[in-house]
Amino acid sequence: MDCIYLDNNATTRPAPEVVAAMLPLLTDSYGNPSSLHAFGQSAQHAIEQAREQVANLIHALPREIVFTSGGTESDNLAILGTLAAYPTKKHIVTTAVEHSAVINTTERLEKQGYRVTYIGVDQQGRLDLDAFANALTDDTALASVMFANNETGVIFPIDKVAQIAAQRGVPLHVDAVQALGKLPIDVRTMPIALMSLSAHKIHGPKGVGALYIKRGARLRSMTIGGHQERDIRPGTENVAGIVGFGAAADLARHESPETQRRITALRDQLESGILERFDYSHVNGDRENRLGNTTNIGFESLEAEAILIALSEAGIAASSGAACSSGSLEPSHVLKAMKINERIAHGAVRLSLSRYTTQFEVSETLARIPSILERLAALSSALS
Ligand code: PLP
């Protein structure tokens with residue numbers, strides 16, 4: 001049975017071009033970029049080329065890109081580094097639906113005495129912009145707002161968020177990990193200070209990412225060591241990973257708009273096929289402003305965990321935002337913030353596509369799903 005991978009918001013398949021670009025750095029070109037000899041200099045050159053490739057994808061200057069170990073580290077560095085640069089300010093504004101790399105950081109900061117305002121969303125996952133504007137004060141060191149949500153794909157109006165933050169003079173950090181490669185991003189037109197990026201969501205390698213730091217933005221390093229990455233992120237660089245990120249960024253930049261349209265059409269076909277077949281299924285999130293590759297579908301009265309296991313047995317890889325806590329599967333903080341009915345939230349499954357998803361895979365998924373769900377529904381009604 002062929003496996004069908006519909007979990008691209010978790011991670012993506014490394015593009016063959018990415019693997020090919022990385023290989024020389026893992027074999028012959030193994031120099032330390034800080035070394036003055038030819039081995040080192042060729043590694044340093046490869047990093048600078050990748051920096052340009054990543055910068056080009058978001059229209060930044062190469063020196064505004066600092067390589068990190070991924071989206072999580074970029075989020076941490078953005079938040080902690082900004083707070084360290086503004087030591088007298090003790091307030092942070094973020095949203096209730098951020099990735100755990102942001103939320104768990106701000107929750108820890110609350111324990112350390114910071115005040116954090118979590119801006120809510122409506123039932124469609126849309127941000128309350130008025131509440132955001134009203135939350136910003138003279139004491140606010142930083143606002144951190146994601147571009148697109150990893151669970152629902154809902155896109156926030158980052159342009160408007162950035163305008164509001166700029167008017168109040170508050171530096172804005174944007175977690176663009178899920179938006180990168182799926183939406184056009186141009187930092188020249190957005191007054192933002194910082195943006196987190198990750199390679200493995202755009203067909204690059206895991207364990208490498210970047211923080212865009214606008215020229216002039218204030219930030220202190222959180223790692224102490226040598227002088228790599230302009231002292232902001234010391235440590236010998238993950239050269240192969242960085243080169244892979246550069247190659248993935250290049251592929252994303254040159255991807256035709258037709259590819260994104262094709263992915264969206266396949267997602268729509270998958271989604272409507274499921275909604276038509278199961279009248280107890282509902283889409284979670286704003287269908288107008290959503291990443292074209294993502295659908296989050298809640299199956300009323302079913303358990304996400306049971307669905308995912310049954311899907312996996314049928315060769316379909318998907319995910320749910322639910323996290324297992326104290327023995328029971330709790331709906332994710334994102335669906336809770338959206339106040340999704342518990343009976344739907346408990347059965348929420350995320351399907352996320354990529355440029356490698358085929359029409360055959362979508363048709364196969366629609367062919368395999370009915371028997372799985374009918375079996376689970378029968379089981380659930382027998383138990384209730
Ligand atoms: N931010 C968002 C929105 C994400 O979806 C993820 C990964 O799922 C991260 C941050 C963390 O990125 P990484 O896996 O590179 O640490």
Side-chain angles (χ1 to χ4, degrees), residues 5-14 18 54 57-58 65-81 94-107 118-119 121 125 127 142-156 158 161 172-183 185 192 194-212 222-223 233 238 241-242 244-246 248-249 252 285 289-296 317-323 332-335 337-338 348 350-354:
Y5 187 75
L6 295 175
D7 200 12
N8 287 282
N9 285 12
T11 198
T12 54
R13 169 189 182 159
V18 166
V54 172
L57 184 56
I58 60 167
I65 299 295
V66 165
F67 287 113
T68 66
S69 66
T72 300
E73 187 190 332
S74 297
D75 284 346
N76 279 231
L77 175 58
I79 297 169
L80 302 174
T94 186
T95 84
V97 295
E98 296 297 310
H99 188 268
S100 48
V102 169
I103 292 229
N104 288 347
T105 304
T106 54
E107 283 181 358
Y118 297 92
I119 306 300
V121 294
L127 190 67
L142 175 77
S144 180
V145 176
M146 71 197 325
F147 207 135
N149 190 272
N150 43 303
E151 288 184 32
T152 59
V154 171
I155 300 164
F156 282 160
I158 282 300
V161 170
L172 176 69
H173 163 241
V174 175
D175 177 339
V177 167
Q178 291 292 344
L180 191 70
K182 299 172 191 151
L183 297 174
I185 301 180
I192 67 168
L194 304 150
M195 181 178 276
S196 296
L197 312 171
S198 179
H200 73 106
K201 311 286 186 182
I202 62 161
H203 305 286
K206 293 164 188 61
V208 59
L211 184 63
Y212 157 78
M222 287 293 106
T223 323
R233 207 288 190 165
N238 171 6
I242 288 170
F245 190 7
N289 284 300
R290 225 175 7 149
L291 295 174
N293 79 318
T294 309
T295 178
N296 185 307
S319 243
S320 87
S332 76
H333 68 283
V334 175
L335 300 183
M338 289 163 69
R350 178 187 71 189
L351 304 168
S352 47
L353 289 65
S354 82

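Numbering of ligands and ligand atoms starts at 1, following listing order. Computed from a prediction, not measured in an experiment: that's the story for all the values here.
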Can you report which non-hydrogen protein atom sits closest to [atom], along with the distance?
| atom | value |
| --- | --- |
| atom 5 (O) of ligand 1 | Gln178 NE2, 2.8 Å |
| atom 8 (O) of ligand 1 | Lys201 NZ, 2.6 Å |
| atom 11 (C) of ligand 1 | Thr72 OG1, 3.4 Å |
| atom 4 (C) of ligand 1 | His99 CD2, 3.2 Å |

Considering the heavy atoms of [X], write down every atom of ligand 1 situated less than 4.0 Å from one of them.
| X | answer |
| --- | --- |
| Asn150 | 3 (C), 5 (O) |
| Asp75 | 1 (N), 10 (C) |
| Met146 | 3 (C) |
| Gly70 | 15 (O) |

At under 4.0 Å between heavy atoms, is it the side chain or the backbone of Ser198 that contacts ligand 1, or both, or neither?
side chain
Under 4.0 Å, heavy atoms only, figure out whether ligand 1 is touched by the backbone of His200, its side chain, both or neither.
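Within the 4.0 Å criterion, His200 contacts ligand 1 through side-chain atoms alone.
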Test item: [X] side-chain N/O and [Y] main-chain N/O as donor-acceptor pair under 3.5 Å:
| X | Y | answer |
| --- | --- | --- |
| His99 | Val177 | no |
| Thr72 | Ala101 | no |
| Thr106 | Ile103 | yes |
| Asn293 | Leu353 | yes |
| Arg233 | Ala210 | no |

If hydrogens are left out, which of Asn9, Asp175, Val102 has an atom nearest to atom 10 (C) of ligand 1, that is, the closest non-hydrogen atom?
Asp175
Verify whether one side chain among Thr68 and Ser74 offers a donor that lies under 3.5 Å from an acceptor in the other.
yes
Side-chain donor-acceptor pair under 3.5 Å between Asn9 and Thr294, yes or no?
yes
What's the separation between atom OG1 in Thr11 and atom CD1 in Ile202, rounded to the nearest 0.5 Å?
11.0 Å
Look at ligand 1 and say whether Glu98 reaches it with a heavy atom at a distance under 4.0 Å.
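Checking ligand 1 against Glu98, which is what was asked, there is no heavy-atom contact under 4.0 Å.
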For Arg13 and Asn8, work out which heavy atoms get closest and say how close.
N-OD1, 4.4 Å
Below 3.5 Å, N or O to N or O, backbone or side chain included: is there any such pair between Gly71 and ligand 1?
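In this structure, Gly71 places an N or O atom under 3.5 Å from an N or O of ligand 1.
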